[in-house]
Amino acid sequence: SERLATIASPLSTTEAMTERKAVTSYNNFYEFGTDKGDPAQNAGRMLTRPWTVAVEGLAGKPRRFDIDELLKLAPLEERIYRLRCVEGWSMVIPWVGFPLAALLKAVEPLGSAKYVEFLSHYDPEIMLRRPVLQWPYAEGLRLDEALHPLTILAVGLYGEVLPNQNGAPIRLVVPWKYGFKSIKSITTIRLTERQPATSWRRAAPHEYGFYANVNPEVSHPRWSQATERRIGEIRKRPTLMFNGYAEQVASLYQGMDLRTYY
Amino acid sequence: MPNFLRAPSGTQIALVKATVFLACLVPAAQLALGWQNDTLGANPIETITRASGEWTLRLLLITLAVSPLRRYTGLHWLIRLRRMLGLFAFAYAAAHFTTYVWLDQFFDWQAIARDILDRPFITVGFAAFVLLIPLAATSSNAAIRRLGGRRWQSLHRSTYAIAILAVVHFWWLVKADLLKPFIYVLILAALLGLRAWWREQERRRQLSVPPPAKHLERPVIRIVQK
């Protein structure tokens, strides 16, 4: 796979990284099947060139970006982040990407923009047709979350171009939120005034909230979120508030009841 | 139908039993080997939990399928496999429970108790496992004799409830893709539906039997002249 030139980031963790094989073979990408191994089997059918991302909505300069243009928008950084899945497992992944803020600033968000909506690629010819979730997959962030320096658009992992099953050619990574917020294979980014509808929340609103911040004190209705299994390890470890990024992000949620806004 | 299928000899039945026994061990052997060789994927504990749980469910449904199969094929000797299949269902359930307690929770009894009390899908799964224990414990011929056929049979009817709990357990743990649990629901509904249908037929049959003829109602005393 193609190598990407990257610079190191002080925002990276020094924890042991999850094996590349596990990162690229154990995936939730329901468009390609709901078993963990399905995306690695099936996502090869997706063509990631040509690819454009429309950045639209409440922006002064909305426009469509070509993927090769996005790769040159900002210096590519290696960001080694913890990833915590809502299912209770976690990984440490060396992403390659750039801050989402760099892209949003390029389109000049209007003062009325409060949220960012994201949509995934959906092609029924090569993807799941059963409406397990509402397609295309949709996610969203509050604008301040989207502009936070930890929030990146990833185009690679382990120093190489992103494999399809991990959301090629470009995906979101929000490391203090459960993995499902980090939408894959993005085609549309829309600045909005109202909080956008998101796929998992549509499917089960009492189980998956808009915020989906990693929080060991707020259980999923069907299982505890207090602990997690780091892939590659046997014993579970305690889950950290905001997935260990509390120092950087807790201030975003000051005064909010995180049980209500789960 | 060939004769050995309709009325197999003792040796043939022993052979079939041995084959089914080995076949039931295959999933367990695969998991043990996979664990040993680290080929169970990125999350081997999840793989073992899922596989042991699903095999429990499959074996429960196969056990429940024995009677209908026997009835519609006329292969009456199939009943002689049922106990073994039921005991394998119990063995996989025990492996599933052990995996959860040991590998997944690592004997964190507090977390386990909270799971059983607070998480309905674990509550019903645990209930199904607990209900299986008396059935496994009374599976020997000696136990059947001790209980008496009628009591043994009514105790073992809890299999139906156990299968329902097991399917609900699976349904409730799935995040969004209900296709697989739905298939199990359909199979279980068919197996239980058949039994309801048989009972109904039996009831109708009994109602439609003509009342005994008048002349048979009272003993007829005939005086025969010697």
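Convention: sequence-line order gives letters A, B, ...; per-chain numbering from 1.
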Legend entry - Exercise: identify the closest heavy-atom pair between A:Leu133 and B:Ala176: CD2-CB, 4.4 Å

Inset, instruction - Let me know if B:Leu173 has heavy atoms under 4.5 Å from chain A in its side chain, its backbone, both or neither. - result: backbone

Legend entry - Sequence-distant partners of A:Thr188, side-chain contact (heavy atoms from CB on, under 4.5 Å), two or more places apart: A:Glu56, A:Leu119, A:Arg190

Inset, instruction - Counting only heavy atoms closer than 4.5 Å, note whether A:Pro131 contacts chain B via side chain, backbone, both or neither. - result: neither

Legend entry - Side chain / backbone / both / neither for A:Val86 at chain B, heavy atoms under 4.5 Å: side chain

Dump the table of donor-acceptor contacts under 3.5 Å between chain A and chain B, or return none if there are none.
{"from": "A:Tyr26", "atom 1": "OH", "to": "B:Asn43", "atom 2": "ND2", "distance (Å)": "2.9"}
{"from": "A:Tyr26", "atom 1": "OH", "to": "B:Glu46", "atom 2": "OE1", "distance (Å)": "2.5"}
{"from": "A:Tyr26", "atom 1": "OH", "to": "B:Glu46", "atom 2": "OE2", "distance (Å)": "3.3"}
{"from": "A:Thr34", "atom 1": "OG1", "to": "B:Asp177", "atom 2": "OD2", "distance (Å)": "2.5"}
{"from": "A:Glu87", "atom 1": "OE2", "to": "B:Lys175", "atom 2": "NZ", "distance (Å)": "2.8"}
{"from": "A:Arg130", "atom 1": "NH1", "to": "B:Asp177", "atom 2": "OD1", "distance (Å)": "2.5"}
{"from": "A:Arg130", "atom 1": "NH1", "to": "B:Asp177", "atom 2": "OD2", "distance (Å)": "3.4"}
{"from": "A:Arg130", "atom 1": "NH2", "to": "B:Asp177", "atom 2": "OD2", "distance (Å)": "3.1"}
{"from": "A:Arg222", "atom 1": "NH1", "to": "B:Trp172", "atom 2": "O", "distance (Å)": "2.3"}
{"from": "A:Arg222", "atom 1": "NH1", "to": "B:Val174", "atom 2": "O", "distance (Å)": "2.8"}
{"from": "A:Arg222", "atom 1": "NH2", "to": "B:Val174", "atom 2": "O", "distance (Å)": "3.4"}
{"from": "A:Arg229", "atom 1": "NH1", "to": "B:Asp104", "atom 2": "OD1", "distance (Å)": "3.2"}
{"from": "A:Arg229", "atom 1": "NH2", "to": "B:Leu103", "atom 2": "O", "distance (Å)": "3.1"}
{"from": "A:Arg229", "atom 1": "NH2", "to": "B:Asp104", "atom 2": "O", "distance (Å)": "3.2"}
{"from": "A:Arg229", "atom 1": "NH2", "to": "B:Asp104", "atom 2": "OD1", "distance (Å)": "3.4"}

Inset, instruction - To the nearest 0.5 angstrom, please state how far the CG atom of B:Leu103 sits from the CD1 atom of A:Ile234. - result: 7.0 Å

